[in-house]
Amino acid sequence: MRTAYAVLGSGPILVIPPGGTTTIEWYLGETAAQEKFCKALAEHRTLVLYDRHGCGLSDRNRKTFTSEDDMLDLDAVVEAVGGGPIDLFGISWGGNPAMAYAVREPRRVGKLVLYGTYADGGRRDEQNWARVLAMNALRRVDPAAYYRAEATNYFPGGADPEMFRSLVRMLRDAASDEMAMKLQDVSFDNQAVLARVATPTLVLHRRGDMVCPFHWGQYLSRQLTNVQFVPLEGDAHFPWVGDSESVLMPTLEFLTGEARRIRAAPPDSSGTAVMLFTDIASSTELTEQMGDARFRDASRALDKGLREAIRDAGGAAIDGKLLGDGVLATFPSAAQAIDGARRCLQLSTASQLGLHIGLHAGDVIREDNNVHGGAVNIASRICGLSAPGEVLVSATVRELARTSAGVTFGDRGAHALKGIEDAVRVYDVRWGD
């Protein structure tokens, strides 16, 4: 068996297991962003990367597909570079062998960094696993369409064209389609061993990651015993996309033991957000029909469910905004906001309390767990235009989400909104089901 690996830099050894069916070549220089990220690590560490069997330059004739085979890959590379001690940086799927190896070889592993990863292959998340199976079905009938669709999934907020083309090439060339799907079925059930990971561990996870949802990182941080958890802003799955410094800085500070200078967002800041407004439809009439106590209990239960649904979709409810029967939330991407709106609609249907829902994106001012600005007002007004059971979005949200949210939009025309000088064109969101 032949395992290809690459070494660059100097100093203590940092091994990055493959993040799935990836290649050394892709990590080290397919785009300037990847090359810059790896070189930054190599300035402080001897960086070691390798190709899984069946991928890249490693043996393409893999016959067995078990987690133990992947552990043998990692062990062979560690032996080849001196046998330890090493640090491990598990990115995406690569976090699985990294965690398992830290438990199996605690004397060899000094520190463990986990970025955008998970504990059990995502199979316990039914929605995620259904997506994986659907994508595999597409891969069998139309591989080219699969490569483009999967690449889009990794960049929900949009991607640099060079980065997008790079990912499509890697998905196409890293392994045969048959090999890639067999490798995808390799599952590390690290649930049983998480509490045995004694290695000091840093968990990094972006709030808007749609490939590995944020709550997976939160789960890891709760189960590991010697852990630091750093939540990151953004929605890109790969660490070198977007604000790569937010990944590099805490990683290097953790590995080198230097005084921590992990950046936190200032309490008062501004920036762009996608806003979702909800409001219970005809609440006064419903109170009369249901009675005060019954309506109060139903609305409180719905409010709790909406906030959980918003969080699960990658958003954050704004507690500082008092809205009566409504909820305001912000999302890092339009696709996540639309997913959040869909979840809210499902809860509304189950509760028999109708919802108005509106979405808009624009610059906001954040202060004391609140958001202010003209864009917030527009989102509120769009919410008021919607009928119960539908979602209306602004043209801005439509443009951001038209290629990433998996929905279509119906033009509902331009509307004059109270307090807004120019008419605002709105669209209804249409799901395939």
Side-chain angles (χ1 to χ4, degrees), residues 152-153 155-160 206-210 214 233-236 241-243 265 269-279 306 309-318 320-321 323 326-345 355-367 369-386 390-431:
T152 299
N153 188 55
F155 301 110
D160 174 87
R206 283 178 168 151
R207 296 183 187 276
D209 192 334
M210 294 184 68
F214 182 65
E233 299 304 319
D235 59 11
V241 179
D243 184 10
S269 60
S270 61
T272 300
V274 184
M275 288 151 286
L276 178 150
F277 259 97
T278 74
D279 189 30
L306 293 176
I310 286 164
R311 183 182 65 246
D312 291 344
I318 305 300
K321 185 73 74 176
L323 298 172
V327 176
L328 165 63
T330 61
F331 290 81
S333 79
Q336 288 168 282
I338 289 175
D339 180 44
R342 177 185 60 81
R343 294 169 186 251
C344 291
L345 276 183
L355 283 180
H356 301 290
I357 301 179
L359 283 74
H360 180 53
D363 289 342
V364 298
I365 299 172
R366 301 178 186 271
E367 182 180 20
N369 196 25
N370 207 339
V371 290
H372 309 277
V376 179
N377 296 332
I378 293 174
S380 175
R381 300 286 186 259
I382 293 174
C383 174
L385 286 176
S386 68
E390 74 173 359
V391 176
L392 294 184
V393 305
S394 66
T396 305
V397 172
R398 173 180 175 268
E399 288 303 312
L400 289 171
R402 62 189 305 174
T403 61
S404 61
V407 298
T408 58
F409 300 91
D411 190 344
R412 301 289 288 274
H415 293 257
L417 303 181
K418 182 180 177 180
I420 310 299
E421 182 176 352
D422 297 324
V424 175
R425 184 170 291 278
V426 298
Y427 299 81
D428 62 85
V429 181
R430 301 174 182 180
W431 287 269

Worksheet item: So, for Gly234 and Arg206, which heavy atoms are closest and what is the spacing to 0.1 Å?
Response: O-CB, 3.5 Å
Discussion item. So Ile338 and Trp431, do their side chains get closer than 4.5 Å, heavy atoms only?
Written reply: yes
Fill in: Worked check of side-chain contact (heavy atoms from CB on, under 4.5 Å) between Asp243 and Glu233
CA-CA 9 Å; Asp243 184 10; Glu233 299 304 319; over 6 Å; no
Worksheet entry | Over all atoms of both residues, closest heavy-atom pair of Asp209 and Gln336 | N-NE2, 4.4 Å
Discussion item. Measuring from atom CZ of Phe277 to atom NE2 of His360, what distance do you get when rounded to the nearest 0.5 angstrom?
Written reply: 11.0 Å
Worksheet entry | Side-chain donor or acceptor of Arg207 paired with backbone N/O of Phe214 under 3.5 Å | no
Worksheet item: Hey, does Val426 have a side-chain heavy atom less than 4.5 Å from the side chain of His415?
Response: yes
Item to complete: Starting at CG of Asn377, measure out to CD1 of Ile420 and round the result to the nearest 0.5 Å.
Response: 5.5 Å
Item to complete: List the atom of Thr396, the atom of Ala361, and the distance in Å for their closest heavy-atom pair.
Response: CG2-O, 3.8 Å
Discussion item. I'd like to check Val429 versus Val397 (side-chain heavy atoms, cut-off strictly below 4.5 Å). Are they in contact?
Written reply: no
Discussion item. Quick check against the 3.5 Å criterion: does Ser386 have a side-chain atom that pairs as donor or acceptor with the backbone of Ile357?
Written reply: yes
Discussion item. If you apply the rule side-chain contact (heavy atoms from CB on, under 4.5 Å), what do you find for Leu355 with Leu306, and how did you get there?
Written reply: CA-CA 11 Å; Leu355 283 180; Leu306 293 176; 3.8 Å; yes
Fill in: Worked check of side-chain contact (heavy atoms from CB on, under 4.5 Å) between Tyr427 and Val407
CA-CA 12 Å; Tyr427 299 81; Val407 298; over 6 Å; no
Worksheet item: What is the minimum heavy-atom distance between Met275 and Ala379, and which atoms define it?
Response: CB-CB, 4.1 Å
Worksheet, complete the sentence: For Ala401 and Ala334, the nearest pair of non-hydrogen atoms, with its separation, is CB-CB, 3.7 Å
Worksheet entry | Side chains of Thr330 and Val364 in contact at under 4.5 Å (non-hydrogen atoms) | no
Practice prompt. Verify side-chain contact (heavy atoms from CB on, under 4.5 Å) between Ser333 and Leu400, making sure each step is shown before the conclusion.
Written response: CA-CA 8 Å; Ser333 79; Leu400 289 171; over 6 Å; no
Response to the item:
Exactly one candidate in Asp235, Asp339, Leu276 meets side chain to side chain contact (heavy atoms under 4.5 Å, CB included) with Phe331; the answer is Leu276
Worksheet item: Is there side-chain contact between Ile382 and Leu417, with at least one heavy-atom pair below 4.5 Å?
Response: yes
Response to the item:
When rounded to the nearest 0.5 Å, the distance separating CG of Leu385 from CD of Glu390 is 9.0 Å
Discussion item. Looking at every non-hydrogen atom in both residues, tell me the closest pair between Ala316 and Ile310 and how far apart they are.
Written reply: N-CG2, 3.7 Å
